[in-house]
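Structure first, commentary second.
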Amino acid sequence: MKISDILQETNIAEKMSKEKLEEIGSLVVEGYDNDEQSRESWVRDQDTYMDLALQVASKKTFPWEGASNVKYPLIATAAMQFNARAYPTLVPSDGKVVQCRVVGNDPDGQKAARAKRISTHMSYQIMEEMEEWEDDMDRLLLITAILGTCFKKTYYSDKLERNCSKVVLPKDLVVNYWSKTLEDSERLTEVFRMNKRQIKERVLQKTYLDVDLGEPNQTVWDSNAMPKSQKLVSNSVDSTTPYKILEQHCYLDLDEDELAEPYVVTVEYSTKKVLRIAPRFDENGVTVDDSGNITKIEPDTYYTKYEFVPSPDGAFYGLGFGKLLGPINESIDT
């Protein structure tokens, strides 16, 4: 396929052979599993910190059966105090969230006037049009303080006909533990929970391929590393039981020019079946040489990383109060 044809497609997967889709589906799941394995110990620690912050109590048998199990809210208190200070700074009461600055000379003040107009318009978009932004920022600051890292996904919604912004938990955005930045990462995967009805809607809208996914596999959500606060109550499967959907931002060479292009590939985890492939770039991001050959493609970025304290070991995920105060909190509880 040519780049010009790729950019015109809503779902490139519709134009691809079954064999090629099976190959891509396997690559996506394999890459996701490798990245999850690289951060396995980090995930276990995060679950412990979240349980401490939520004061999840488990039954104690030492020093005797039914011993008192008090949970002191040390991490929760620290995170709420940080939130109380950071929130009014980032979300001022006057609603002026965006403040553009002027770069270079501005003798007649035109740049300053333009910067003011842009600031006013973007602040209006964020505070008025994007209904979820303010509440999500409140949640994000609390989560970042506890876990050390959190993300926001910003995109344009055709359904809502406006820009959207939503919080993505660090456990749900899987990046290799030793990646340096989001921009330099060759692969990142957001994990979704979608039931049959939600997938059927996207099939009818021609967003997803109409493929047989079978029944949802409940065991993909059952993990020993899952925090007690998120343990599943029942293993029964009904119409609301979610599939595990992977939306992977990766690179594939679909135009066969030996230069991989950035795409978003959506795959159902258990069956490894591809639901959608969409380009993660536009024509403005394509660089060509004098001969018309593509030399570089700049990918679109949807995620913004928020970090509390950078990890001293150089890892991708930062440190939060969970890591800094977790051992002290456990000692107090003991």
Side-chain angles (χ1 to χ4, degrees), residues 39 41-58 60 68-99 101 119 122-123 125-128 130-154 164-175 177 181-182 190 225-231 303-334:
R39 64 176 202 155
S41 61
W42 174 86
V43 170
R44 285 198 299 268
D45 290 342
Q46 298 303 297
D47 293 337
T48 301
Y49 306 150
M50 185 57 75
D51 284 344
L52 283 171
L54 295 176
Q55 303 173 66
V56 177
S58 55
K60 291 187 69 173
S68 177
N69 190 14
V70 176
K71 296 294 181 182
Y72 187 79
L74 180 64
I75 294 176
T77 301
M80 286 188 287
Q81 289 180 351
F82 167 78
N83 176 281
R85 289 167 171 79
Y87 185 82
T89 303
L90 297 175
V91 190
S93 58
D94 59 9
K96 296 180 180 179
V97 179
V98 179
Q99 296 286 346
R101 66 187 180 93
S119 299
M122 292 188 68
S123 294
Q125 286 182 305
I126 289 173
M127 297 300 291
E128 302 298 333
M130 299 166 67
E131 300 171 356
E132 70 282 356
W133 188 90
E134 193 171 355
D135 288 342
D136 275 0
M137 180 59 75
D138 192 22
R139 291 177 56 216
L140 180 141
L141 292 173
L142 200 61
I143 295 168
T144 303
I146 296 172
L147 301 181
T149 304
C150 197
F151 304 93
K152 264 207 170 187
K153 183 179 183 181
T154 307
C164 294
S165 175
K166 70 170 187 175
V167 169
V168 179
L169 298 178
K171 279 186 66 175
D172 291 336
L173 190 66
V174 182
V175 183
Y177 186 76
T181 65
L182 278 175
E190 184 177 353
M226 186 176 289
K228 300 180 185 70
S229 57
Q230 297 180 19
K231 287 289 186 182
Y303 300 96
T304 304
K305 178 185 177 185
Y306 290 79
E307 192 170 59
F308 193 68
V309 177
S311 179
D313 64 357
F316 176 79
Y317 298 95
L319 307 180
F321 282 130
K323 184 71 172 180
L324 301 174
L325 300 179
I328 300 175
N329 205 152
E330 289 179 337
S331 297
I332 293 173
D333 292 345
T334 300

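Source: prediction; values computed, not measured.
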inquiry  = Quick one, V56 with M50, criterion side-chain contact (heavy atoms from CB on, under 4.5 Å). Give me CA distance, side-chain angles, the key distance, then yes/no.
reply    = CA-CA 9 Å; V56 177; M50 185 57 75; over 6 Å; no

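Between atom CG of residue D135 and atom CG of residue L140 there is a gap of 12.5 Å, rounded to the nearest 0.5 Å. Expressed to the nearest 0.5 Å, how far OH of Y177 lies from CG of D313 amounts to 4.0 Å. Here the OH atom belonging to Y317 is positioned 6.0 Å from the CG atom belonging to L173, to the nearest 0.5 angstrom. Remark: E330 CD to L74 CG distance equals 11.0 Å, nearest 0.5 Å. Distance CZ/R85 to CG/L90: 14.0 Å, rounded to 0.5 Å. A distance of 9.5 Å separates NZ in K166 from CG in D136, rounded to the nearest 0.5 Å.
Under a cut-off of 6.0 angstrom, the local environment of OH in Y72 is sparse, with at most 12 non-hydrogen atoms contributed by other residues, nucleotides or ligands. In K323, the NZ atom is not crowded: 12 or fewer heavy atoms of neighbouring residues, nucleotides or ligands sit closer than 6.0 Å. More than 12 heavy atoms of other residues, nucleotides or ligands shown are found within 6.0 angstrom of CE on M130.
Minimum heavy-atom separation, V98 to M122: CG2-CB, 3.8 Å. The two residues A76 and A53 have their closest heavy-atom pair at CB-O, 3.5 Å. The two residues F151 and P170 have their closest heavy-atom pair at CE1-CA, 3.8 Å.
With contacts defined as side-chain heavy-atom distances shorter than 4.5 Å, the pair W133/K152 qualifies. Looking only at side-chain heavy atoms (C-beta outward), E132 and V167 stay at 4.5 Å or farther from each other. When side chains are defined from C-beta on, P312 counts as touching L319, because their heavy atoms get closer than 4.5 Å. For the pair S311/T149, no side-chain contact is recorded, criterion being any heavy-atom separation below 4.5 Å from C-beta on.
A donor-acceptor pair is defined here as one N or O able to donate and one able to accept, closer than 3.5 Å; such a pair exists between the side chain of N83 and the backbone of D138. The main-chain N or O of V97 is found under 3.5 Å from a side-chain atom of S123 such that the two form a donor-acceptor pair.
Using modelled atom types, one finds a donor on one side chain and an acceptor on the other under 3.5 Å when comparing Y303 with E190.
A ring-centre distance under 6.0 Å is found for F82 and F308.
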